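Below: the structure, in structure tokens.
Order of listing sets the numbers, starting from 1, for every ligand and every atom in it. Bear in mind that the values here come from a model prediction, so they are computed numbers and not experimental data.
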Amino acid sequence: MADRYLSFTGTTPGRFLTRRLGLPQPAELVRWSQARPLLSGPLLHLTAGASTLELGPVLARTGLTAGDREPAAVVLDATGVRDVDALAEVHAALHPVVRSVAPSGRVLVLGAPLDPADHHQSAAQQALEGFTRSLGKEAGRGRTVNLVRLTDATAAESTLRFLLSPKSAYVSGQVIETGGGEVTAPADWDRPLAGRTALVTGAARGIGEAVAGTLARDGARVVVLDVTAAEADARRVAERLGGTALTLDVTAADAGERIAAALPDGLDVLVHNAGVTRDRRLVNMPAERWSSVLDVNLASVLRTTDALLAKGTLRPGGRIVATASIAGLAGNAGQTNYGASKAGVVGLVRSLAPRALAGHGVTVNAVAPGFIETRMTAAIPLFVREAGRRMNSLAQGGRPIDVAETIAWLAHPASGTVNGQVVRVCGQSLLGA
Ligand code: NAD
């Protein structure tokens, strides 16, 4: 569904009128394309506190050139901020430059993990979180602001590259912890999933189709899983991507066994994307509406994950990415079933992540999409849809590709230090923020 308001504000009279009326000012976001793989503008590297991070070589490999005129990316290394006094350096570094950041530019704050033995360091580092989220709300013009906690820049390279690229256009106001886990630098950063197999559930259309396409772009052999009723679409998508279609219902008791049987050589990336809504307020919700949503969105995710880990189908170095939702973080009227199922996904990810990594060498993360322009959201009544689109820092809905790019980053062989994270792809939605 086209966002006519976004198109209107992109015209001179539209911008003039909506500004006069104090209405939201969404900017056309710059997204990744083969022709435009990098942000257009220089990268400005700033420091607050006494940092020991070796950041220069990693930043050099992003492909961006160093410079300070209208930077497309500003990286503030604040890992050395150990007390409240040092926070003044955060202000001093960014205050003079925020205005000059290019439209659709990036501000990336780097912090250190909180030190449980030092409440001054913890206070100062936690302060960066409130700072980042607040700056994200101020930034405007399609700019994003995120915080990554890290101790080793090379181990976080895939994360830094993602957040400093057009691939993260709709990811803002996020705090991402990195650490632990193995990192495998790909031979080719343009095809990091070459030689790997990825299975995406619910991939015949919508977000799942975009995920399958993006993982195939990154070199993966994709398996497009969907229900039998969607077989024609699943085959069409698989054919286009040079992959294979697998039709089954993820709620079937033997879904895990059938997936394992279809993948005798194993699996590297498992994306739990299939999901349904059956909205009704709790007072009007029959048990069947409750259980069908819980079954597709949560119980089947648990069952197939358990089966594929137990059978060893997921190879060491593997990735599991589950799809939550901001409805599972913030709650949403009419969605007690859906909100419960998606919050359950978050619980699954946080609990399983350390054990799956220790026991199987597999990372487990979730994406939590906000308002994404799909058939699911096109069905929402006009005024609710319009509110959903605008109630985020970027004042617009995201696209399936935004979720797909985020999943591709989590699936990356060099993202082994990202584990147990729930990353919102929501343009910094006000809901549950
Ligand atoms: P969609 O309805 O367009 O596509 C979902 C796909 O899953 C369909 O192809 C469907 O056939 C398949 N599917 C459903 N039940 C299945 C089952 N039992 N077994 C196998 N396949 C099944 O939905 P979408 O908007 O692309 O959403 C994809 C995921 O993202 C879902 O988990 C959804 O909850 C989540 N999400 C979407 C939004 C949004 O704004 N669209 C926001 C937050 C989260």
Side-chain angles (χ1 to χ4, degrees), residues 1 3 170 199-214 223-238 245-256 258-259 262 270-279 291-301 303-304 321-332 335 337-346 348-349 366-380 384-385 387-389 391-392 396-404 406-407 422-427 429 431-432:
M1 171 96 28
D3 183 344
Y170 201 61
L199 180 135
V200 185
T201 70
R205 67 172 200 221
I207 295 172
E209 179 178 359
V211 174
T214 305
V223 180
V224 175
L225 185 152
D226 215 299
V227 289
T228 311
E231 183 166 4
D233 283 337
R235 283 192 187 287
R236 177 184 53 78
V237 173
L246 177 62
T247 48
L248 58 85
D249 186 326
V250 291
T251 63
D254 63 349
R258 289 173 58 193
I259 293 171
L270 169 62
V271 182
H272 292 292
N273 163 80
V276 292
T277 50
R278 300 272 187 277
D279 297 355
S291 57
S292 59
V293 168
L294 266 293
D295 204 17
V296 178
N297 296 2
L298 181 58
S300 77
V301 175
R303 270 196 304 268
T304 47
V321 186
T323 309
S325 163
I326 57 165
L329 307 177
N332 200 16
Q335 293 199 312
N337 51 357
Y338 185 76
S341 70
K342 296 299 190 180
V345 166
V346 173
L348 149 71
V349 164
V367 289
F371 185 101
I372 305 295
E373 306 280 357
T374 60
R375 268 170 40 179
M376 200 184 248
T377 47
I380 299 172
V384 183
R385 185 169 70 227
R389 270 180 179 148
M391 281 171 59
N392 59 74
Q396 61 196 285
R399 297 191 190 155
I401 189 67
D402 299 322
V403 181
T406 307
I407 290 177
V422 178
V423 181
R424 295 166 55 135
V425 186
C426 65
S429 169
L431 299 178

Any sub-3.5 Å donor-acceptor pair from [X]'s side-chain atoms to [Y]'s backbone N or O?
{"X": "R385", "Y": "A378", "answer": "yes"}
{"X": "T201", "Y": "N273", "answer": "yes"}
{"X": "S341", "Y": "L298", "answer": "no"}
{"X": "K342", "Y": "I326", "answer": "no"}

*Counting heavy atoms only, which of V227, D233, T251 comes nearest to atom 17 (C) of ligand 1?*
V227
*Pick whichever of L225, V296, N273 has a heavy atom sitting closest to atom 15 (N) of ligand 1.*
V296
Report yes or no: does [X] have a heavy atom closer than 4.0 Å to ligand 1?
{"X": "L248", "answer": "yes"}
{"X": "K342", "answer": "yes"}
{"X": "G370", "answer": "yes"}

Inter-residue atom distance [X].[atom1] - [Y].[atom2], 0.5 Å rounding:
{"X": "R424", "Y": "L431", "atom1": "CZ", "atom2": "CG", "value": "7.5 Å"}
{"X": "L225", "Y": "D249", "atom1": "CG", "atom2": "CG", "value": "9.0 Å"}
{"X": "D279", "Y": "N337", "atom1": "CG", "atom2": "CG", "value": "6.5 Å"}

Do ligand 1 and [X] have nitrogen or oxygen atoms that lie under 3.5 Å from each other?
{"X": "I207", "answer": "yes"}
{"X": "R205", "answer": "yes"}
{"X": "S325", "answer": "no"}
{"X": "Y338", "answer": "yes"}

Backbone, side chain, both or neither: what part of [X] comes under 4.0 angstrom of ligand 1, heavy atoms only?
{"X": "I372", "answer": "both"}
{"X": "A324", "answer": "backbone"}
{"X": "T323", "answer": "side chain"}
{"X": "V250", "answer": "both"}

*Mind checking what makes side chain to side chain donor-acceptor pair (under 3.5 Å) contact with T247, not counting sequence neighbours?*
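With sequence neighbours excluded, T247 shows a side chain to side chain donor-acceptor pair (under 3.5 Å) to no residue whatsoever.
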Students should be able to answer this: which protein heavy-atom is nearest to [atom], and at what distance?
{"atom": "atom 7 (O) of ligand 1", "answer": "G202 CA, 3.3 Å"}
{"atom": "atom 10 (C) of ligand 1", "answer": "D226 OD1, 3.4 Å"}
{"atom": "atom 18 (N) of ligand 1", "answer": "D249 OD1, 2.8 Å"}
{"atom": "atom 5 (C) of ligand 1", "answer": "G275 O, 4.0 Å"}
{"atom": "atom 22 (C) of ligand 1", "answer": "A274 CB, 3.6 Å"}
{"atom": "atom 14 (C) of ligand 1", "answer": "V276 CG1, 3.8 Å"}
{"atom": "atom 23 (O) of ligand 1", "answer": "M376 CE, 4.0 Å"}
{"atom": "atom 25 (O) of ligand 1", "answer": "T374 OG1, 3.2 Å"}

_SB check D233 R236 (cutoff 4.0 Å)_ =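 Yes, D233 and R236 are salt-bridged.
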*Salt-bridge criterion met for R303 and D295 (N-O under 4.0 Å)*: yes
*Can you list the ligand 1 atoms lying under 4.0 Å from a non-hydrogen atom of G206?*
26 (O)
*Among V276, L294, N332, N297, find the one that has a side chain to side chain contact (heavy atoms under 4.5 Å, CB included) with Y338.*
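Result for side chain to side chain contact (heavy atoms under 4.5 Å, CB included) with Y338: N297.
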*For A204 and V237, work out which heavy atoms get closest and say how close.*
O-CG2, 3.6 Å
*asked:* My understanding is that only residues two or more places apart in sequence, or in another chain, count here; which of them pass side-chain contact (heavy atoms from CB on, under 4.5 Å) with N392?
replied: Y170, L394, S429
